Amino acid sequence: MQYWLFKSEPETFGIDTLCAKPKQTEHWDGVRNYQARNMLRDEIKVGDKAFFYHSNCTPPGIVGIVEIVKAGYPDPSAQNPESKYYDPKSTPENPRWFMVDVRFVKKFKKMITLSELKQHPLLENMVVLRRGSRLSITPVTKEEWSAILSL
DNA sequence: GCCAACGTTGGC
DNA sequence: GCCAACGTTGGC
């Protein structure tokens, strides 16, 4: 079992949006970055857990936990001309973009802010905290996961 | 709204 | 294959 961190803008899709979905489950679509795509397609498995991170908001930070309930499969929004995630170079025969399904696990009573994460000595190498890190999906080590949960 | 950092595109 | 121009992300 592995751990991850999924970023999303709460304006677009926040943890409360997920909570309100049927079965509190939703597909994590719209990822259009090859590195993140590879993780979605090849590495993220059913039963893995991920922090739900709110980005591009004040303040940014981790707001809860989700669990992977379906491993990587083609993201149909890439084939939908109406979607802002449409990519004409992706075809059903040769899908370029992938997604997973996530289920709500919990929402923290109090968000763990980015600045709190940055202050923690055990988290100094965390991928999401690296300078210029823009990946919307990043791996989290077991040690980092535990350290964050104990905050 | 600014802008640093990074990714992508496309001409050559 | 190089690299300039452009686009995007996301903290501040």
Side-chain angles (χ1 to χ4, degrees), chain A residues 2-21 26-44 48-68 71-141 143-151:
Chain A
Q2 288 186 276
Y3 299 105
W4 307 93
L5 181 143
F6 284 25
K7 277 189 204 170
S8 182
E9 301 187 9
E11 291 271 315
T12 310
F13 184 83
I15 194 159
D16 294 327
T17 325
L18 175 63
C19 237
K21 293 288 172 189
E26 183 62 299
H27 39 264
W28 198 274
D29 64 359
V31 173
R32 295 294 179 268
N33 169 284
Y34 287 104
Q35 249 182 292
R37 187 280 309 270
N38 292 346
M39 290 188 266
L40 286 170
R41 188 188 57 192
D42 307 328
E43 296 183 46
I44 301 178
D48 285 2
K49 293 206 172 71
F51 286 126
F52 197 126
Y53 179 97
H54 281 178
S55 67
N56 226 334
C57 57
T58 311
I62 296 171
V63 291
I65 295 175
V66 299
E67 181 179 355
I68 311 305
Y73 62 107
D75 178 350
S77 68
Q79 253 86 249
N80 175 10
E82 306 294 312
S83 170
K84 68 168 174 170
Y85 302 124
Y86 179 57
D87 180 357
K89 292 176 191 150
S90 185
T91 63
E93 297 74 33
N94 196 4
R96 176 175 295 204
W97 304 114
F98 284 71
M99 63 185 189
V100 298
D101 288 357
V102 302
R103 182 171 61 213
F104 174 81
V105 173
K106 72 182 291 186
K107 180 178 173 179
F108 297 147
K109 290 197 186 77
K110 199 170 145 296
M111 157 195 258
I112 300 167
T113 63
L114 175 61
S115 81
E116 292 175 281
L117 296 174
K118 283 179 174 169
Q119 286 167 28
H120 198 302
L122 286 181
L123 302 179
E124 61 182 359
N125 292 319
M126 199 172 165
V127 177
V128 74
L129 300 184
R130 286 182 195 157
R131 211 168 76 110
S133 165
R134 288 171 26 184
L135 274 181
S136 63
I137 291 176
T138 50
V140 174
T141 67
E143 291 71 26
E144 290 161 351
W145 183 269
S146 309
I148 290 167
L149 286 184
S150 69
L151 283 174

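Below, each value reflects all heavy atoms present in this structure, side chains not excepted, and no hydrogens, waters or symmetry copies. None of the values given here were measured: they were computed from a predicted structure. In the text below, chain A, chain B and the rest are named by the order of the sequence lines, each starting its count at 1.
Read 5' to 3', the first and last nucleotides of DNA chain B with an atom closer than 4.0 Å to a heavy atom of chain A are dA5(B) to dT9(B).
His120(A) contributes no side-chain N or O that, together with a main-chain N or O of Glu144(A), makes up a donor-acceptor pair within less than 3.5 Å. For the pair Arg96(A) (side chain) and Thr91(A) (backbone), a donor-acceptor distance under 3.5 Å is absent.
Using a 4.0 Å cut-off between a side-chain N of Lys or Arg and a carboxylate O of Asp or Glu, Arg37(A) and Asp75(A) do not qualify as a salt bridge.
Contacts between residues 113-122 of chain A and DNA chain B, counted as heavy-atom distances below 4.0 Å, involve no residue at all.
Side-chain N/O atoms of Arg32(A) and Ser77(A) include a donor and acceptor closer than 3.5 Å. Tyr85(A) and Asn80(A) form no side-chain donor-acceptor contact under 3.5 Å, judged by distance and modelled atom types alone.
Remark: Glu11(A) CD is loosely packed, at most 12 non-hydrogen atoms of other residues, nucleotides or ligands lying under 6.0 Å away.
The aromatic rings of Phe51(A) and Trp145(A) lie parallel to each other, their planes meeting at an angle below 30°, with 60° marking the opposite boundary. Under the 30°/60° scheme for interplanar angles, the aromatic rings of Phe13(A) and Phe52(A) are found to lie parallel.
Mapping Arg96(A) and Asn56(A) onto DNA chain B by nearest heavy atom places Asn56(A) at the nucleotide closer to the 5' end.
Taking the C1' atoms of five terminal pairs at each end of the helix from dG1(B)-dC12(C) to dC12(B)-dG1(C), the two resulting helix axes are inclined by 10°, rounded to 10°.
In this structure, the side chains of Leu5(A) and Met126(A) come closer than 4.5 Å at one or more pairs of heavy atoms. Side-chain contact check for Val128(A) versus Lys7(A): some heavy-atom pair is nearer than 4.5 Å.
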